[in-house]
Engineer: 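Let me begin by handing over the structure; questions about it come next.
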Amino acid sequence: MKVDVLLGLQWGDEGKGKVVDVLTPKYDVIARFQGGPNAGHTLEFEGSKHVLHTIPSGIFHSNKINVIGNGVVIDPVVFKREIDALLVKGVDVKKNLRVSRKAHLILPTHRLLDAASEASKGKEKIGSTLKGIGPSYMDKTGRNGIRVGDLEHADFKSRYDALVTKHKELLAHYQYEYNLAEMEAPFFAGIDLLKTLSLIDSEYELNQHIKDGHSILAEGAQGSLLDIDFGSYPFVTSSNTITAGTCTGLGIAPTHIGEVYGIFKAYCTRVGSGPFPTELNDEVGEALRRKGNEFGSTTGRPRRCGWLDIPALNYAIMLNGVTQLIMMKSDVLSGLDSIKVCTHYQYKGKTISHVPYDVVHEEITPVYEELPGWSDEIDQLHDLGSLPLQVHQYIEYIEKATGLPITIVSVGPDRKQTLLRQPVLK
Ligand code: GDP
Ligand code: IMO
Ligand code: MG
């Protein structure tokens, strides 16, 4: 069977965790392919809220295999915390979780280097989650990294010590002060736990699942506009967040990719620094933040809010080969007299509909179209027919502007607050 992919089309936090959880019953395997604990994926059901950082969002369904792929970077400290929290909730994590031997580790010194690098940038800082993501991927591509599979070798500790020695030299360059001993105890406790899990050659196992006719859903982290190659560099994360990242992050050939679910909020948010053409620095932005509870799931930072950006959405659709769209947080727009949508940009004296190369140093001004809003709350509605006419108009407007069907409309954080417009699987 083909591998379906679900990923964010904006700057992350689109609601990927919620929808992966909703779609999991249709799949046999859920696999994360990139990113690390910079992700915070929220799931709500039966009155409880859960936030996952490294573990795929299919973990709450028994008998579904959850794989952490080679493209992911794992911090054993966060990972242990996550597993312990799930065990307390009665989730049999160890039974259904598999970890790629080729996934790289985030060391305590990677976190220190992240903090030192950000501190050295002053006003130019990326706004990193400070989880050590950038330094860990740097060691991966620099061919210095330590992988999960290295835990099975007797010389793991000496490899660790050698890399930490290098990191200490870099930290000295930054003149960054730290207490490493304090950070190492939880790290090695996490390593001990990791060793007890099912460590696998995930590229072989996943391809065997494909051969056996099992269905796989690949779960993205971050969003397309944070992609290392195609985002607003340098204000991006350090991995390929787009569909292509599924192939390298899981060892799956492009010919195996099936549906690509592109998930977006009915408006936009961004955490951290970097350009955001439709950002609202006014009371409307503040109202969206309040109503949408737009505070980071990983860091608690307030998210910047703004109107939906069609050129950016179409850019992400193009990069990912999206086959169907999922619109989240539609309920947050209730109560607005009108809703603006950015259809074009004004850039260097021209009206354009693409995302230009330099959005960091050049002025980019959105051109808006205004659509009617709706006053009634929609979060308790359980069928599409009862949605206000203006919601349908908004959906149809986006479908026309993107040329793709919106197959799921989310009206609240709970599993049940999910309206299917069309069967999502062909
Ligand atoms: P992810 O990183 O893409 O998984 O998204 P996050 O979990 O970081 O952020 C999405 C936030 O919106 C979480 O707090 C979700 O519980 C919440 N959420 C998801 N879908 C909806 C929705 O349709 N309406 C509202 N109001 N909240 C939602
Ligand atoms: P999920 O999977 C939103 C942002 C950070 C920062 C930039 C680089 O929950 O959607 P990093 O820690 O990767 O060095 O930070 O990317 N960022 C996210 N923003 N959601 C995320 O993940 C993010 N992961 C990283 O805020 O601007
Ligand atoms: Mg998130």
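Start at 1 and go down the list; that is how both ligands and their atoms are numbered.
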Engineer: Counting only heavy atoms closer than 4.0 Å, does ligand 2 sit against the backbone of Leu226, its side chain, both, or neither?
Structural biologist: side chain

Engineer: Are any of the N or O atoms of Glu14 closer than 3.5 Å to those of ligand 2?
Structural biologist: no

Engineer: Give the contacting part of Lys49 toward ligand 1: side chain, backbone, both or neither, where contact means a heavy-atom distance below 4.0 Å.
Structural biologist: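 Within the 4.0 Å criterion, Lys49 makes no contact with ligand 1.
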
Engineer: Would you check the N or O atoms of Thr237, main chain and side chain alike, for any that come under 3.5 Å of an N or O of ligand 2?
Structural biologist: yes

Engineer: Is there at least one pair of N or O atoms, one from Ala221 and one from ligand 2, spaced under 3.5 Å apart?
Structural biologist: no

Engineer: Quick one: which of Ser128, Gly35, Gly223 has a heavy atom closest to atom 11 (P) of ligand 2?
Structural biologist: Ser128

Engineer: Can you find a pair of side-chain heavy atoms, one from Lys18 and one from His41, that are under 4.5 Å apart?
Structural biologist: no

Engineer: Between Gly17, Gly272, Gly127, flag the one that comes closest to atom 5 (C) of ligand 2 by a heavy atom.
Structural biologist: Gly127

Engineer: Would you say Gly134 contacts ligand 2, with heavy atoms under 4.0 Å as the rule?
Structural biologist: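 Under 4.0 Å: no for Gly134.
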
Engineer: Quick one: report the N, O or S atom of Asp13 that is nearest to the Mg ion (ligand 3).
Structural biologist: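 Output for this pair reads OD1.
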
Engineer: If the contact criterion is a heavy-atom separation under 4.0 Å, does Gly412 count as touching ligand 1?
Structural biologist: yes

Engineer: Side chain, backbone, both or neither: which applies to Val236 and ligand 2 if a contact is any heavy-atom pair less than 4.0 Å apart?
Structural biologist: backbone

Engineer: Closest by any non-hydrogen atom to atom 9 (O) of ligand 2: pick that one out of Ser238, Ser117, Gly40, Ser239.
Structural biologist: Gly40

Engineer: Report the part of His41 in contact with ligand 1, treating N, CA, C, O as backbone and CB onward as side chain, heavy atoms under 4.0 Å; options are side chain, backbone, both, neither.
Structural biologist: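 It is both backbone and side chain that touch ligand 1.
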
Engineer: For Gly40, is the nearest heavy atom under 4.0 Å from an atom of ligand 1?
Structural biologist: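 Right, Gly40 reaches ligand 1.
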
Engineer: For ligand 2, which part of Lys131 has a heavy atom less than 4.0 Å away: the side chain, the backbone, both, or neither?
Structural biologist: neither

Engineer: Below a 4.0 angstrom heavy-atom separation, can you tell me which part of Asp331, side chain or backbone, both or neither, approaches ligand 1?
Structural biologist: side chain

Engineer: Just to check, does Arg303 reach to within less than 4.0 Å of ligand 1 when the distance is taken from its heavy atoms?
Structural biologist: yes

Engineer: When you measure from atom 22 (O) of ligand 2 to every protein heavy atom, which one gives the shortest distance, and what is it?
Structural biologist: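 Here the nearest protein heavy atom works out to Gln222 NE2, 3.4 Å.
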
Engineer: Have a look at ligand 1 and work out which part of Asp379, if any, has a heavy atom under 4.0 Å from it: side chain, backbone, both or neither.
Structural biologist: neither

Engineer: Looking only at protein heavy atoms, which one is nearest to atom 20 (N) of ligand 2, and how far off is it?
Structural biologist: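 Going atom by atom, the protein heavy atom closest to atom 20 (N) of ligand 2 ends up being Asp13 OD1, 3.1 Å.
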
Engineer: Checking only N/O/S atoms, does Gly296 have one that is under 2.8 Å from the Mg ion (ligand 3)?
Structural biologist: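 Under 2.8 Å: Gly296 has no N, O or S contact with the Mg ion (ligand 3).
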
Engineer: Note the single closest protein heavy atom to atom 19 (N) of ligand 2, along with its residue, its atom name and the distance in Å.
Structural biologist: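 Sorting protein heavy atoms by distance from atom 19 (N) of ligand 2 puts Val271 CG2, 3.4 Å first.
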
Engineer: Classify the contact between Phe235 and ligand 2 as side chain, backbone, both or neither, using a heavy-atom distance cut-off of under 4.0 Å.
Structural biologist: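 Neither; nothing of Phe235 gets under 4.0 Å from ligand 2.
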
Engineer: Quick one: does Thr129 get an N or O within less than 3.5 Å of an N or O on ligand 2?
Structural biologist: yes

Engineer: Please work out whether any backbone atom (N, CA, C, O) or any side-chain heavy atom from C-beta onward of Arg301 is under 4.0 Å from ligand 2, and answer side chain, backbone, both or neither.
Structural biologist: side chain

Engineer: Salt-bridge test for Lys166 and Glu169: reply yes if a basic N is under 4.0 Å from a carboxylate O, no otherwise.
Structural biologist: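 Looking at Glu169 together with Lys166, the answer is no, because their closest N to O distance does not fall below 4.0 Å.
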
Engineer: Looking at atom 12 (O) of ligand 1, what's its closest protein heavy atom, distance included?
Structural biologist: Lys329 NZ, 2.9 Å

